[in-house]
Amino acid sequence: MSCRSLFTIVVRRGIGWSVLCLGLIGGLLVAGPAKSRAAGWLDAQTRVVKIFGAGGTAGLEAYQSGVLISPEGMILTVWSAVLDTDQLSVVLDDGRNYLGELWAADPGREIALVKIDAEELAAFRYDAPRPARVGERVWAWSNLFGVAQGAEAVSVQHGVVAAIAPLEAGRGVFLSPYRGPVYVLDNMTNNPGAAGGALVDGDGALLGLLGKELRSTSQGVWLNYALPLAELAGPLATLVERRSPLPVARDERRGGLDATSLGIVLVPDVVPRTPAYVESVRPGTPAADAGLRADDLVVSVAGRLVRNCQALREALTGCDPLTPLVLGVLRQETLVELTLDPRAREAAAAAGDSP
Amino acid sequence: MSSPPRSSQARQIRESRRLDPRRLDSRREAGGGRGWVLAVVVLLGCWVGRVVAQDPVALEPLEEAAWQAAVNRVAPSVVRLERLDGTTETPPATGVVVSTDGLVVTSSHWIPAAPPPLLCLTPTGQRLPAELVARDHSRLIALLRVAGLTAAPIPPPAPAGEVRVGQWAIAVGRTFPGSEPNRSVGIISARERIWGRALQTDAKVSPANYGGPLVDVRGRVLGLLVPLAPDGTPDAVQVAWYDSGIGFAVPWEQVLAAVPRLAGGNDLRSGLAGVTLGTSDPLAPVGALASVRPGTPAARAGLLPGDEVYELDGRSLARVGDWKRALGPKYAGDTLALRYRRGGEEREASLTLTDELPVYRRPLLGVRLAREAPSAPAEPGVLVRQVEPESPAALAGIVAGARLVSVNGQPLVDPSAWRQRIGQAVAGDVWQLTWKHHGQERTADVTLAPGPPGLLENDPDGPSPADAETPPPSAAEPNGREPQADSAPLEPAPLELRVPESRGRAWAWIPAVPDAAAPRGALVWMPGPSGWSSEDERTNCFRRFAPLAERAGLAILLPQPAEGPAWTRADLEQVGVWIDELGRGLELDRERVVCGGDEAGAALAWLAGWVGRSRFRGLVLVEAPLSPRVPENDPQAPVALLALHARVPGEDSARAIAAWRTAGYSVDERVVGSPAPQSPAATEVLTDWFDALDRL
């Protein structure tokens, strides 16, 4: 149905223009201000800067991107070898070139602050970040491949948040120290120079910081991701004050569990990838009580897949010794779940000692 | 966007549209309250106001909501699949539920030939054992059975006929931790890719979603994401293409059609017909069939070379690409109808495709043809210069000097007609053969014998290692060659070949021989990887082959790479150009063009021989092992192999020879004493082998 036919009906039926106008105004009021991306959204262009520093050899680029988070020139970027120089050059979208000072860094999250001596710059807010949703439309602003030079603004790429998942990625053999959740993107942001760029939503609000070039250890492919601002806001507040933020939260290893004390004897772990087959089960132990048998293949611990003996041992060390534990076990063609009660260990150990 | 979005905003729009103005009119005429009308008009105004306010940017949240709704709709049918082979690096894959009794389809690339235990993690977080049922090798699909997976719904399919280029396409995977599937949003880039087997999308397709569904904006399944690639052989996994903006999905209706066939536990493979079209250029017109392999579906359907196929499986064929698109989606075992023209007559046939073409083994008649120059006008038919004792030809009474004129009533106009004829035949075929001798015409039925395993095997003239000094063939043969006994060795007089804009260099020597009119064979001798180091080295090589060239009537060609010290593929391709150039100034016997080399040079000869396969009829390897990788034997481009050794080679060599012979190739191996390259016995063996190259 077109607008014109509506108008025709309305006019032919002799209803006053004033009523129509009233309706139109009412309509605009009901609809609220148009949810336009254009207004604040394009401002991101002026809030993402180009950083030039050390590097340029051995496949490492000498440039990256950064995000202005204060009108006085505080810039959030990734912690990298590019910043390892006294001659850090920060170039704004209008071509203004500043000498950057490495203000503070959080190697645990691989982020850093660079300060330039400026005033009244357009900046992103970071104090009340909104978490992104999976499937949300996002835009990535960065100086990928260093294509923006001098007075040119950085580039923007469009995509969606493909997934929100813990960062399990590394470059070469070096794993990223940050293992918290990241926004996995379907934009191709994994490019030289893109790290430190801004991930923004349709309103132009900052959602995250584009990460470094990393290869996913689980997928074996290059990963496009951004560090969620929601994970960075707290540390940022302390970094801005040049204090050390709290270290990255790690799994609390409260003693943990081990296969032996549960009564599980695994097959000899002769190669690094020996599947976690049970060689035998010591009687009177939590494993025996739960019905674990020789030749069972342990495939999961508390719902997490374990592919080999080593992975099983590591998974057990992360388990609470006071909480019942569910093991997934492949027995011939069927998968069974067994619940072990680790608290029975003490009794078993005591019984084992007593004779 | 092809569907109404499922947001509250959109619902408001739809509901405001449902208001029918005519109903208002009747109310008003019936004296209904004016307040009603006012209220409705305000509502209408609201709607108009909204439309005005809705620029494209405001549509973005609606689109986003639609994508989310689409993924949510398919998510309960998308499972994560894991492989338990002990390594922690094995990435998970994605699968799609296709039945309520636990059948799941996925990409086959991540499942090794002998699958380790497989697990399925359901959308509800349950882990279940899975087992491989069967694979579709032509589309990289695997069907798994997950016992106990009964609660997961079958996803809605997108109607096959409605898939449009440019519509939204969302690639969905379940390979990241967490309850929500991962997704990438794009559009359909093309249909009927990879010869009719795939949709193309610009959504990011990678190990993160291989095996997952490609869905439309309503969450209906368009296809299954697989690592297919345009130029890859169907079995080759092309994961390297991931996230490139070019991703492929097997159309869902093709997947669903394959599921019942796979459920029986039998793998599906690409269907083969057994014909060649003479060119692989997809833009070339489909002309006459260049060849029809004996014992293949095409041969059983009665097709002959020269038939012009113009319709296949209901699709009309204009170009070679049409043929491949019509055949591409078909499996071995599928039957398809075709229409063709033969001599102006329109015919029909039905073809049941196979997954493996039978090994082609050349049959033996037992004649050797006279080497008549193709340009020399001769009477129709092919002249026999020699008949092998006890061969089918000998038993039928054919003698040297006879001229074969027809097979099964069809005339043999020239040697090329003859070669095509023998390329269509298999051992056991009965030919009604007509020949002329001394003005008399005779006809007899001849049963073709199995071809010998090597050219020198069962050959009356061929030397065994014990009698390598057998004298060359006698002068009794027509066109036979009488060596110039006791004459001084010929001194090489090479010339450098020149081709405009050519790469590399090449030198040729065409020694003078008694029968200058007979077409020449050619021996291309490859240097080591760094090329010919000096003119002396080349001269020595020419001298070495002088006796052979003289007796067998050969030209010798020595190629050099463009930029030493390594041979590139372009350099190897250039070898074929040199041969063509040689053929310009010389009547070349295309049946006796051979590439060879010593040791490392033999490896290069091997490569050059397969790169330029259509030009070479033989490969000579001196002191070099036979490759264990055996390409398919092609009746239209037969290649004979000759391996020369200084000492008796090991068992590996015997195994390799057996493999090549099993694949239908003619292979000879001779021990010629040390050093092999310079051994006089080598010259004898080569002479006989060259002479037997056109043995049939």
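All values below were derived from every heavy atom in this structure, side-chain atoms included, with hydrogens, water molecules and symmetry-related copies excluded. Here is the naming used below: chain letters follow the sequence lines, and residue numbers restart at 1 for every chain.
For B:P116, no part sits under 4.5 Å from any heavy atom of chain A, backbone or side chain. Only the side chain of A:L330 comes within less than 4.5 Å of a heavy atom in chain B; its backbone stays farther off. For B:L121, no part sits under 4.5 Å from any heavy atom of chain A, backbone or side chain. Only the side chain of A:N224 comes within contact range of chain B, with heavy atoms under 4.5 Å apart. Of the two parts of B:V71, neither the backbone nor the side chain holds a non-hydrogen atom closer than 4.5 Å to a non-hydrogen atom of chain A.
With contacts defined as side-chain heavy-atom distances shorter than 4.5 Å, the pair B:E64/A:R133 qualifies. Between A:V184 and B:N182, every side-chain heavy-atom pair lies at or beyond the 4.5 Å cut-off. In this structure, the side chains of A:P275 and B:L84 stay at 4.5 Å or more apart for every pair of heavy atoms. Contact of the A:D186 side chain with the B:R183 side chain is not registered, since no non-hydrogen atoms from C-beta on lie closer than 4.5 Å.
Of all heavy-atom pairs between B:P181 and A:V134, the closest is O-CG1, 4.0 Å.
In B:D101, the CG atom is crowded: over 12 heavy atoms of neighbouring residues, nucleotides or ligands sit closer than 6.0 Å.
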Return a table of donor-acceptor pairs under 3.5 angstrom between the side chains of residues 155-166 of chain A and protein atoms on other chains or two or more places apart.
unit_1: A:Q157; atom_1: NE2; unit_2: A:M188; atom_2: O; d: 2.8
unit_1: A:H158; atom_1: NE2; unit_2: A:R137; atom_2: NE; d: 3.0

